[in-house]
Visitor: 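Just dropping this structure here.
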Protein chains: 2
Amino acid sequence: MATTAITTYHALTEAEAIALAAELFPEGARLECREIGDGNLNYVFRVSDQESGKGVIIKQALPYAKVVGESWPLTLKRAAIEAAALRKHGEFATGLVPEVYGTDEKLAYTVMEDLSHLTIAREGLIQGKSYPKLSTHIGEYLAQTLFHTSDFALHPFEKKKLAAEFSNPELCKITEDLVFTDPFFDYDTNDFEPELRQAVEAVWRNDALKLEVAKLKRSFLTEAEALLHGDLHTGSIFADDNETKVIDPEFAFYGPIGFDVGLFLANLLVQGITRDGEGRDTIVKHVENTWNVFETRFSELWKSEGIEDFRGVQGYRESVLEKIFRDALGFAGCELIRRTIGLAHVKDLDGIEDAERRIHSKKQALHIGETLIIKRGELASINDVTALLEEL
Amino acid sequence: MATTAITTYHALTEAEAIALAAELFPEGARLECREIGDGNLNYVFRVSDQESGKGVIIKQALPYAKVVGESWPLTLKRAAIEAAALRKHGEFATGLVPEVYGTDEKLAYTVMEDLSHLTIAREGLIQGKSYPKLSTHIGEYLAQTLFHTSDFALHPFEKKKLAAEFSNPELCKITEDLVFTDPFFDYDTNDFEPELRQAVEAVWRNDALKLEVAKLKRSFLTEAEALLHGDLHTGSIFADDNETKVIDPEFAFYGPIGFDVGLFLANLLVQGITRDGEGRDTIVKHVENTWNVFETRFSELWKSEGIEDFRGVQGYRESVLEKIFRDALGFAGCELIRRTIGLAHVKDLDGIEDAERRIHSKKQALHIGETLIIKRGELASINDVTALLEEL
C-alpha cells in the first residue's frame, strides 16, 4: 500500500478509505464506500467499484471495546497482530483466510480481500444451513496453521521469534477473564437468566469442576505450542457451500493447540444443541469430521514436514494428538459454559425465542460443558463427544 | 555505573576493568586486577583494594563458546540476560544471588558482588564437604524465584512482558540439543567410554524412554511457567557452611518450573552416586530437604502472595506441586543421562580415577536417570527418589 501522510490515529472517513483502496482498482474506476461494521470493536469499510461491483475491505480497529453498553480502552496493536496472523496463517492454510493487501500500524487498519459474497457461519447455521465443506476446511485450517507454527515444524529460533512477536497480553487477558475465570465465580461480568441461577450456583460450588478449569487456564497461560487464531468461533468464519474463510484473528498468540480446536468444536456443539433430527445429525458429522480431518492432516504433516528429532519415536505423534484432543475437550467445555452464563453470549442460544426451550438448551449447554471438562480424560474418541449431543 | 566512551565490543583490559570498578571503592584506593575465569565462555576479572582486600567481580561474556577444543559463536546478549535475571531473582531470593552493581550491553559485562570467600559447591562436594545449609537455601531460592515470576504471583501483563524480555533462543537451543536430544541418538556430540557403549546403545534403542524424553523436551520448548535459572547445577552455586549464592543464570528464560528443581536434584544425585555411608546420607538428606523446603515455601507463598482466582480451590495447589514434582524427576533423569554420555560431563563422575569404579558409577547414573524418566508418574514422594540412591 502507498504510505499516507496521516500519522496519528483517527477514525477513517469514507473518503480516506476510498483513497487508501484506490490503487487496488483500475485507474479511473468509480469507487464507493460503505461502513458495514457493527461498531463494537472495529470499523469495517467496504470500498467497491460501482461498475464491476468488485470490492475490498478496510478494517480499522477502534481504540476501545463496547460490550453490553460499556466501553473500555483496548490496544490498537491488535490490528497489527491480526494482519500479521492472517499473513502467517495464510502461508499455510491456502485459500482459507482472506488475503491481506496492506496494513498501517498507526491508523490500525488492514486492507484485505472482500468476502461479502459469503455469510458468517454462525448466522447461516442458525438459519439451518449445513455448509457441507465447513468441517473439512476448518480441520484443514487447524492442522495447517497449528502444525506449521509449532516446534514440530519450525526451527526454535524462528518459533521463539514468532512467539515474542505475537505476545498479545491485552487480548489474552480478555480470554483469561471471560472464558477461564469469571463464569466460575460469582463475578459481576456474568449474565444469565434467573431460571439458570440454581445451575450456575452449582457450577460455582463445584470444586472438582473448578480444579479442572484452573488446570485448563494454566495451560492457556503457559503453553506456547503454536500460533493460535485465539477466537475461533463460528462468528469468526465466513462461508458458503464451497468456500470457507477464517477471519478476525486479533486474539492470535502462542498458546495451546487444543484451544483453537476446542473453541470451534464448542461452537458447533452449541448449535447442535439447538437442532434435532437431521439438522442435529449434520452438526454431529461436522464435529466428528473436524477432528478427523485435523488428526489426519496433522499426522500427514508430521510425517512429511516434521523436523523434531523424536518424530519417529513409537507413540510420540499419538501422544501429542492425544494431548491436543484432551485439551480441546476441556477448552470446549469452558467455551460452552461461558457462552451460556458469562459476559459474551451466542445468538444460537440467546436467539431461541421460546423461553422454556431457551432455558432448557442453556442447561444442556452447561451440562455438556461440565461433562467435557470433567471427563476429558475418559472420553475415548470424538464419537464419545458427539454421543453427548445425541443423548440429549 | 558510569557510562564509558567505549561502544564496540572488545575484550576488557585489566586497566579498563579497574577503571570501571573504581567508583565502587573509596577515592584513592590502590586497586589491582586479576583475570580468574576459565576462558571458555567468559572473562572474570576480580578488581580488589590492595589494603582492605575487598573486591568486586566484572564478568564479561566472550563472543564464542569453547567446549572440548571447539569454538562456536554465541550471542553476547546472554550477558544482559544474566544480569537481568540476577536482579529479578535477587528481588525475591534475598541474599541468595550476588548483587549486581552495573552492566553494559555493548561490552557484555556485569559488575557484581565478589564471592571469592566461597567455593563452587560442586568442587566442595567432590572434596567431601557437606554444606549443611545448601539444600535449605536452594529450596528457598527455587520457591522464591519460581513462584514470584509465575502467573500465580504476577499480573499477566507483567508476566508476559518478562517472558518476552527473557526470550533466550540461542542458549535454550544448547539445552534442547545437549540435554534433550543428542544423548538419545547416535550423534557426534556424544562422549562416553567404550565400556559404556552397550548401555548407551540400549538407551538409543529404548523407545519407551525416548517417548518420555520427547514429552519432556516438548515441555521445555513450550511451557512458560516461570523465569528459570536455566542451568542450576552445583557448578552454578557458590557456598560455604553458612552462605549460598546462585550464579551464572545466562540460560535464564521462561520455562517449566520443574526444570530448575530437577537439574539441582540431578546434580546432587550424581554426587550421591560417588559417595557411600555417611557421605551418601548427607546427599540423601540434601535431596529430600531441597524438595521439602521448596514445597513448603512454595505453599506458603501460594497462600500469602498468590493472586490466582482459583488458588483457594480444593486440590489446586497440590496438583500444581505434583506437576512440578513429576516434571522435576523427568528433567533430573535427562540431566543424569546427558552428564554421563553427552557432550558436557561432570567432574563428580569423570574425576573418579579408578576406571572400574568410574564406569560403574556412570552405569548407576544412567540407571537412575532412566528410572526417573520412566517412573516419574509412579514415584510417590521424594523419599522414593532417594531410595534409588540407597538401593545402589
Side-chain angles (χ1 to χ4, degrees), chain A residues 150-152 154-161 163-170 172-173 175-177 180-182 184-185 187 206-226 253-257 308-320 323, chain B residues 150-152 154-161 163-170 172-173 175-177 180-182 184-185 187 206-226 253-257 308-320 323:
Chain A
S150 77
D151 286 295
F152 303 121
L154 288 180
H155 187 284
F157 292 177
E158 176 63 15
K159 186 260 183 148
K160 289 178 178 87
K161 191 170 143 277
E165 189 181 320
F166 283 96
S167 177
N168 197 358
E170 290 199 45
C172 283
K173 181 76 162 62
T175 306
E176 289 152 22
D177 290 346
F180 292 110
T181 307
D182 297 7
F184 302 94
F185 297 88
Y187 286 173
N206 188 341
D207 253 22
L209 178 72
K210 288 164 81 172
L211 173 58
E212 297 308 314
V213 174
K215 292 179 193 170
L216 289 160
K217 179 181 178 186
R218 185 155 162 281
S219 163
F220 184 84
L221 281 163
T222 60
E223 296 187 17
E225 294 181 347
F253 80 110
Y254 260 79
I257 290 176
E308 168 56 58
D309 296 73
F310 289 90
R311 68 188 178 280
V313 170
Q314 179 75 31
Y316 188 35
R317 181 177 54 78
E318 291 80 355
S319 132
V320 167
K323 175 181 187 294
Chain B
S150 77
D151 286 294
F152 304 122
L154 287 181
H155 187 284
F157 292 177
E158 176 63 14
K159 187 264 181 143
K160 289 178 178 86
K161 190 169 144 276
E165 189 181 322
F166 282 96
S167 178
N168 197 358
E170 290 198 45
C172 283
K173 181 75 163 60
T175 306
E176 289 152 22
D177 290 345
F180 291 109
T181 308
D182 298 7
F184 302 94
F185 297 88
Y187 287 174
N206 188 342
D207 253 22
L209 178 71
K210 287 164 80 172
L211 173 57
E212 297 308 313
V213 175
K215 293 179 193 168
L216 290 160
K217 179 181 178 185
R218 186 157 160 280
S219 162
F220 184 84
L221 282 163
T222 59
E223 297 188 17
E225 294 180 347
F253 79 111
Y254 260 78
I257 290 175
E308 169 56 58
D309 296 73
F310 288 89
R311 69 188 178 281
V313 170
Q314 179 76 29
Y316 188 35
R317 182 178 53 78
E318 290 81 353
S319 132
V320 166
K323 175 182 186 297

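These figures come from a predicted structure and were not determined experimentally.
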Visitor: Keeping A/Lys160 on the side-chain end and B/Cys172 on the backbone end, is there a donor-acceptor pair under 3.5 Å?
Guide: no

Visitor: In terms of heavy-atom pairs under 4.5 Å, which option from B/Ala214, B/Ala224, B/Ala164 contacts chain A the most?
Guide: B/Ala214

Visitor: So which heavy atom on A/Pro169 is nearest to which on B/Phe157, and how close?
Guide: O-CE2, 3.4 Å

Visitor: With a 4.5 angstrom heavy-atom cut-off, is it the side chain or the backbone of A/Phe184 that approaches chain B, or both, or neither?
Guide: side chain

Visitor: What closest approach, in Å, do A/Asp207 and B/Val313 show between heavy atoms, and which atom pair accounts for it?
Guide: O-CG1, 3.7 Å

Visitor: For B/Lys215 and A/Ser319, indicate whether the former's side chain and the latter's backbone hold a donor-acceptor pair under 3.5 Å.
Guide: no

Visitor: Drop me the distance from B/Ile257's CD1 to A/Thr222's OG1, to the nearest 0.5 angstrom.
Guide: 9.0 Å

Visitor: Less than 4.5 Å to any heavy atom of chain B: does that hold for the side chain of A/Tyr316, its backbone, both, or neither?
Guide: both

Visitor: Please state whether the side chain, the backbone, both or neither of B/Tyr187 comes within less than 4.5 Å of a heavy atom of chain A.
Guide: side chain

Visitor: Based on non-hydrogen pairs under 4.5 Å, which of B/Lys159, B/His155, B/Arg311, B/Gln314 is most in contact with chain A?
Guide: B/Gln314

Visitor: Taking A/Arg218, A/Lys210, A/Lys173 one by one, which has the highest count of heavy-atom pairs under 4.5 Å against chain B?
Guide: A/Arg218

Visitor: Below 4.5 Å, heavy-atom pairs only: which of B/Thr181, B/Asn168, B/Val320 has the largest tally toward chain A?
Guide: B/Thr181

Visitor: Check whether B/Glu165 gets within reach of chain A through its side chain, its backbone, both or neither, counting any heavy atom under 4.5 Å.
Guide: neither

Visitor: Given a strict heavy-atom distance threshold of 4.5 Å, which part of B/Lys323 is in contact with chain A: side chain, backbone, both, or neither?
Guide: side chain

Visitor: Where on B/Asp309 is there a heavy atom nearer than 4.5 Å to chain A: the side chain, the backbone, both, or neither?
Guide: both

Visitor: Taking side chain as everything from C-beta outward and backbone as N, CA, C, O, which of these in B/Glu170 sits under 4.5 Å from a heavy atom of chain A? Side chain, backbone, both or neither.
Guide: both

